[in-house]
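One structure below.
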Amino acid sequence: MTLEKGKKVRKTIVINEEVGALLDSFADQQKFNKSDLIEIAILDLVIKYK
């Protein structure tokens with residue numbers, strides 16, 4: 001999945017500490033930007049449950 005280049009908006013999210021730690025670890029291992037990972041996950045969720 002590729003992210004579209006375009007206007008970005010800042011959102012604040014609150015997540016469980018364990019999920020945050022998993023996100024940090026995965027992003028570091030894969031050299032991904034955490035914001036991009038969250039965006040991909042949200043897009044995937046919305047597409048699946050539309």
Side-chain angles (χ1 to χ4, degrees):
M1 182 178 292
T2 49
L3 299 178
E4 291 183 21
K5 304 288 185 213
K7 188 174 180 180
K8 300 286 186 176
V9 62
R10 181 176 297 277
K11 295 290 183 181
T12 301
I13 63 166
V14 178
I15 57 175
N16 178 288
E17 281 185 26
E18 290 178 29
V19 174
L22 288 170
L23 176 62
D24 290 342
S25 176
F26 185 76
D28 289 343
Q29 289 172 2
Q30 301 298 322
K31 307 293 188 241
F32 286 132
N33 179 293
K34 286 182 259 188
S35 293
D36 288 345
L37 288 173
I38 292 170
E39 187 173 344
I40 290 167
I42 291 169
L43 285 170
D44 187 53
L45 177 72
V46 170
I47 290 167
K48 285 183 180 177
Y49 293 100
K50 212 175 196 182

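Phe26 is not listed as a side-chain neighbour of Leu22, based on a closest heavy-atom distance of 4.5 Å or more.
For the side chain to side chain donor-acceptor pair (under 3.5 Å) condition, no pair includes a residue of residues 12-22, sequence neighbours left out.
Applying the salt bridge (charged side-chain N to carboxylate O under 4.0 Å, His left out) rule to Lys7 yields no partners; only residues at least two apart in sequence or on another chain are considered.
Between atom OG of residue Ser35 and atom NZ of residue Lys11 there is a gap of 13.5 Å, rounded to the nearest 0.5 Å. Atom CG in Leu45 sits 13.5 Å away from atom CD1 in Ile40 (nearest 0.5 Å).
By the rule that hydrophobic residues join a cluster once side-chain heavy atoms approach within less than 4.5 Å of another member, Val19 and Leu37 end up as members of one cluster.
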